[in-house]
Amino acid sequence: MIFITHKHCTKPPIQRLCLTCIYKERDFYDSLLFFATFFFPPLIFIFTIFRFTKREKMRGRGAKIAGVLPFFTLFMAGAISAFEDIERLRIWPLPAEVSHGGRRMYLSGDFKLVTEGSKYEDTTEILKEGFDRMLDVVRLSHVVSGGRNSSRSGGSALLQGLHVIISSSTDELEYGADESYKLVVPSPEKPSYAHLETKSVYGALHGLQTLSQLCHFNVKKKIIEILMTPWNITDQPRFSYRGLLIDTSRHYLPLPVIKNVIDSMTYAKLNVLHWHIVDTQSFPLEIPSYPKLWNGAYSSSQRYTFDDAAEIVKYAERRGIHVLAEIDVPGHALSWGKGYPSLWPSKNCQEPLDVSSNFTFKVIDGILSDFSKIFKFKFVHLGGDEVNTTCWSATPRIAQWLKKHQMSEEEAYQYFVLRAQKIALSHGYEIINWEETFNNFGSKLNPKTVVHNWLGTGVVERVTASGLRCIVSNQDKWYLDHIDAPWQGFYDNEPLQAIKDKKQQSLVLGGEVCMWGEHIDASDIEQTIWPRAAAAAERLWTPYAKLATNPDKVTTRLAHFRCLLNQRGVAAAPLVGGGRVVPLEPGSCLAQ
Amino acid sequence: MSPNLLLLLLILMFLSLSITSSLSSPSPADSPPYLWPLPAEFSFGNETLSVDPSVALIVAGNGGGSPIVRAAFERYMGMIFKHASGRASLLARIRFLRMVEYDITSLKIVVHSGSDELHLGVDESYTLMVSKKNEQSIVGAVTIEANTVYGALRGLETFSQLCAFDYLTKSVQIYKAPWYIQDKPRFQYRGLLIDTSRHYLPIDVIKQIIESMSFAKLNVLHWHIVDEQSFPLETPTYPNLWKGAYSRWERYTVEDASEIVRFAKMRGINVMPEVDVPGHAESWGTGYPDLWPSLSCREPLDVTKNFTFDVISGILADMRKIFPFELFHLGGDEVNTDCWKNTTHVKEWLQGRNFTTKDAYKYFVLRAQQIAISKNWTPVNWEETFSSFGKYLDPRTVVHNWLVSDICQKAVAKGFRCIFSNQGYWYLDHLDVPWDEVYNTEPLHGINETSHQKLVIGGEVCMWGETADTSVVLQTIWPRAAAAAERMWSTREAVSKGNITLTALPRLRYFRCLLNNRGVPAAPVDNFYARRPPSGPGSCYAQ
């Protein structure tokens with residue numbers, strides 16, 4: 001039954017975050033800041049992030065002074081807005097160290113990339129492509145029609161290009177390598193190039209992302225501007241592993257969708273795409289050694305060729321993103337048997353994989369051998385979670401085998417995981433396993449194992465105490481498929497919580513948000529990932545001391561980043577409403 | 001028969017059985033045609049042809065050399081050969097060239113007209129022939145023949161839907177060839193409304209929407225730019241108007257709007273702008289408070305002031321430079337005139353002219369129509385204008401239905417043209433209308449005379465933006481807009497007969513997966529409510 005309803009709502013929109021009002025006044029604040037800079041350049045110049053972290057205290061004091069001394073009102077208006085500044089920077093994730101001024105610069109119409117003095121030669125054009133992508137996203141929001149004539153847009157305030165100096169010549173994407181960068185955008189008096197200095201080209205890519213966030217479209221001059229110059233940004237990630245899991249077994253994700261996810265990851269400086277390729281439901285990837293495995297795909301077209309996978313890895317690597325491939329054994333592997341039914345314990349008991357058959361391990365060996373040709377990341381994920389072993393005892397053949405080898409079901413589970421680990425090691429991989437493997441037989445795991453937390457708290461502590469490395473993905477906070485989980489929880493989730501020992505801390509490689517695919521397909525993956533993954537991305541990137549203790553304090557900046565994603569064509573969902581939501585009513589992107 | 005041979009046969013039988021069962025999935029190889037919308041006439045055969053990843057474009061006719069054709073060819077090649085072993089890999093191509101001889105090596109596009117002017121009723125017909133090499137032709141080829149470049153674009157879309165990547169041979173195949181398709185749209189106006197006032201849609205998102213429209217052969221983007229909530233567009237003549245934008249960020253410059261029009265034209269899509277007066281215009285007053293009856297009563301626009309009509313004239317003059325389409329939408333719906341009654345100076349003005357508020361509403365709409373006509377525009381108005389004072393409307397007016405199901409019937413009886421958008425079925429913001437109800441809605445329902453039928457120029461699905469922003473707009477539009485698109489493109493007989501669960505649903509599921517494969521986040525077809533996530537793990541083709 002369809003009722004004749006509203007076409008339009010007559011009520012004015014409720015300003016839920018009341019950000020629009022702030023935004024409408026931005027021109028006003030900008031000019032105030034500019035004015036203040038004009039009279040007190042040294043004062044503004046020393047508003048560094050270090051001081052802004054104490055903004056709570058200072059704001060109170062500032063307000064008092066302003067009340068007592070009206071003469072300073074103008075100055076304090078500038079200053080108070082500067083206290084808000086750490087959030088007004090609109091950079092996500094927040095860099096380690098930032099200082100800035102209050103001047104305006106414009107990007108030249110032919111903003112150039114210059115690399116003189118760089119040891120890195122860019123023969124594979126990773127830098128050049130990154131630079132072009134940066135310009136593309138900056139120019140995506142509007143047609144840049146002004147500023148062709150440099151004198152019209154302000155002569156010395158015109159930024160001619162970016163000078164990138166990279167000290168390492170390699171373009172190998174190495175896990176744990178230096179991702180730091182130093183970005184300087186001059187003020188109008190200084191030479192007309194911005195500077196980016198890094199150790200590796202992948203650090204430079206992060207610097208380009210930051211630069212892209214400093215750029216705004218000026219609606220009057222119709223060119224790209226950078227406000228609050230000069231900028232000095234020194235930045236590096238807090239954790240070396242900043243991951244996002246996608247699941248192509250529960251729903252097939254077409255190539256363009258995966259590529260969009262990879263691109264959006266770079267905006268938030270995430271660096272590991274954990275590709276949960278296969279599971280119970282479908283086996284979409286071509287495995288040349290065992291060509292019938294992808295008979296387990298949902299259909300003849302919901303598949304990835306070996307070349308497709310290589311293409312995804314290459315696409316990601318050129319953006320500084322590692323691809324962590326997962327085969328989840330022995331539990332989540334029913335679809336393997338569609339092509340090779342002998343991998344099932346029996347026709348009617350199809351999971352976990354048959355532990356008693358050598359063929360099972362031959363197939364795993366074949367898969368990992370094929371993997372090693374395309375997945376160049378130093379880690380491979382072997383799963384090992386949620387193994388229900390009843391099929392093993394219920395199948396007479398396997399029950400006999402267990403008896404013969406004097407193994408309990410639990411021991412067989414351990415035997416399977418450890419044997420798979422050895423195969424992975426033989427192909428040069430270090431192993432990641434879900435935490436159940438540690439919880440059940442942690443002392444037996446290969447010392448190169450990284451334990452992937454998901455279930456509970458306290459695991460990270462126990463894993464690192466035992467000397468193993470760990471990745472944090474506790475499901476109560478970092479599972480994106482929990483669509484009721486609000487972004488604040490993603491922001492708040494501290495991987496090193498309760499881990500005081502420095503050495504133990506260093507064993508926590510980082511964390512990962514997980515986009516399990518039961519209810520996620522090409523139609524809703526982007527808005528389920530974003531903006532919540534961004535909240536976790538800042539937790540993983542930004543120095544602990546700079547993170548907000550109350551996530552609500554970063555709402556404005558995160559809302560801004562969400563709108564930035566929208567502008568770049570990423571369907572990031574609203575913040576207001578908790579979890580993955582749709583907009584409740586008309587309103588500004590910045591207020592929702 | 002020797003036992004060995006028998007064994008071999010048995011093995012072969014088993015193999016073929018296991019292959020068919022494991023690969024049982026919708027494929028263009030099964031039961032054709034997996035085309036959406038269904039062409040007017042088509043025939044096919046039983047051959048499978050491979051397509052060369054470096055297929056050559058050959059153009060002919062006065063319009064063959066149009067950059068619109070070349071750009072479309074490049075776009076479609078990118079979509080057809082998106083797998084890694086396809087067009088992208090030079091190495092693979094060299095490898096293939098040595099080993100494989102392709103059946104289809106060239107694509108010939110013949111366009112007779114040299115004009116690329118896009119207007120209402122532009123000829124979108126085409127013929128598409130796909131055949132293997134035979135005695136008559138030495139090379140296997142695809143030929144698209146059309147009167148205009150826009151017909152050629154529609155033909156390219158159909159061609160792209162015939163192509164499927166085959167995962168066994170790792171090449172692009174066309175099944176059931178030879179194909180002969182002769183196609184043209186049933187309605188000349190096949191629209192989709194977007195609303196950038198309730199939520200700002202970034203340019204990239206509008207482009208994604210336009211691109212996706214071309215996949216379903218829709219041809220009018222109705223851009224409801226402004227409403228009471230925000231005024232995002234720059235109007236140089238009245239530069240304070242876009243102060244009514246939500247924020248500095250959420251605005252379109254003149255150049256942005258022109259870029260959208262250009263982008264749409266490259267895909268054969270007209271852009272019809274809307275300025276909805278006098279009712280839905282509160283945001284205008286943010287920049288010019290004089291347009292409000294008073295500060296406390298802000299809608300509709302102040303009917304008493306010449307300034308109001310100066311502003312409308314200025315907006316339309318500015319927009320005329322951006323939007324070349326001959327239709328301009330003046331809105332005119334849901335006008336609540338209480339503010340006119342309750343504001344002293346307006347009340348006095350009404351009394352002075354001996355106007356009721358309804359007279360003033362008519363006066364406003366007709367005056368706005370004359371402004372549009374003076375700028376060489378054909379006015380489109382929402383149906384309330386027709387139902388309130390239909391006989392006074394300019395005879396050129398196109399009446400846009402939304403509210404009452406038989407309004408087009410009445411409008412065409414009076415000689416007006418009409419666009420069908422019955423809100424019970426074709427309002428995409430109504431999430432409780434499943435695809436089959438959208439599909440079964442017939443614009444010509446109850447209109448039997450041929451001369452009257454001709455006046456229904458088409459229909460439009462409306463994506464009102466109250467609860468649809470960048471994060472959900474595409475999945476609220478798709479796949480339901482496709483259901484309406486087939487209703488408007490294909491012949492009435494084809495979409496009206498048979499059990500649509502068999503004739504349309506499998507094809508629509510297939511088209512939805514095609515959209516997904518092209519990066520368009522179309523929602524599952526089978527959910528009752530629109531834009532809901534998939535109910536559980538499963539194949540795209542089964543959801």
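We name chains A, B, ... by the order of the sequence lines, and we start the count at 1 in each one. Basis for what follows: all heavy atoms, side chains included, without hydrogens, waters or symmetry-related copies.
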- request: Among Val335(B), Val226(B), Asp227(B), find the one that has a side-chain contact (heavy atoms from CB on, under 4.5 Å) with Asp276(B).
  value: Asp227(B)
task: Among Asn260(A), Asp247(A), Ile258(A), Val261(A), find the residue that satisfies the side-chain contact (heavy atoms from CB on, under 4.5 Å) test when tested with Leu253(A).
output: Ile258(A)
Given the options [options], which has more heavy-atom pairs under 4.5 Å with chain A than any of the others?
options                                    : answer
Glu259(B), Lys207(B), Glu234(B)            : Glu234(B)
Val205(B), Val472(B), Thr476(B)            : Val472(B)
Val473(B), Thr467(B), Leu474(B)            : Thr467(B)
Pro534(B), Gly279(B), Pro521(B), Pro533(B) : Pro534(B)

Region of [X] in contact with chain A, defined by heavy-atom distances below 4.5 Å:
X         : answer
Trp242(B) : side chain
Gln208(B) : side chain
Ala468(B) : backbone
Ser535(B) : backbone

Per-residue contact mode, [X] against chain B (heavy atom under 4.5 angstrom):
X         : result
Tyr304(A) : backbone
Arg562(A) : side chain
Glu526(A) : neither
Ile483(A) : neither
Val257(A) : side chain

With a 4.5 Å cut-off on heavy-atom pairs, point out which of [options] contacts chain B the most.
options                                    : result
His519(A), Arg250(A), Gln527(A), Glu518(A) : His519(A)
Ser523(A), Pro574(A), Ala572(A), Gly569(A) : Ser523(A)
Pro291(A), Ala571(A), Ser249(A), Gly339(A) : Ala571(A)
Gln302(A), Gln281(A), Lys314(A)            : Gln302(A)
Asp521(A), Val582(A), Ile525(A)            : Asp521(A)

message: Applying side chain to side chain donor-acceptor pair (under 3.5 Å) to Glu383(B) and Asn401(B), what does each step give before you reach the verdict?
response: CA-CA 5 Å; Glu383(B) 67 173 61; Asn401(B) 152 254; 2.9 Å; yes
- request: Apply side chain to side chain donor-acceptor pair (under 3.5 Å) to Glu334(B) and Trp382(B), showing your working.
  value: CA-CA 9 Å; Glu334(B) 296 185 311; Trp382(B) 293 108; over 6 Å; no
field: Tyr510(B) and Tyr541(B) aromatic ring geometry - parallel, tilted or perpendicular at 30°/60° bounds
entry: tilted
message: Does the plane of the ring in Tyr298(A) sit parallel, tilted or perpendicular to the ring in His251(A)? Use 30° and 60° as the thresholds.
response: tilted
message: So that I know where these two stand, are His142(A) and Tyr252(B) an aromatic pair - ring centroids less than 6.0 Å apart?
response: no
message: Checking Ser212(A) against Arg568(A) for the side chain to side chain donor-acceptor pair (under 3.5 Å) test, could you report, in this order, the C-alpha distance in whole Å, the side-chain angles of both residues, the deciding distance, and whether it holds?
response: CA-CA 11 Å; Ser212(A) 80; Arg568(A) 295 178 180 184; 2.9 Å; yes
field: Test ring-ring contact (aromatic ring centres under 6.0 Å, His included) applied to Tyr290(A) and Trp336(A), step by step
entry: CA-CA 10 Å; Tyr290(A) 289 91; Trp336(A) 299 32; 9.5 Å; no
query: Excluding sequence neighbours, so at least two apart, what forms side chain to side chain donor-acceptor pair (under 3.5 Å) with Ser282(A)?
result: none
message: Can you list everything that forms a side chain to side chain donor-acceptor pair (under 3.5 Å) with Ser471(B)? Sequence neighbours excluded, please.
response: Asp469(B)
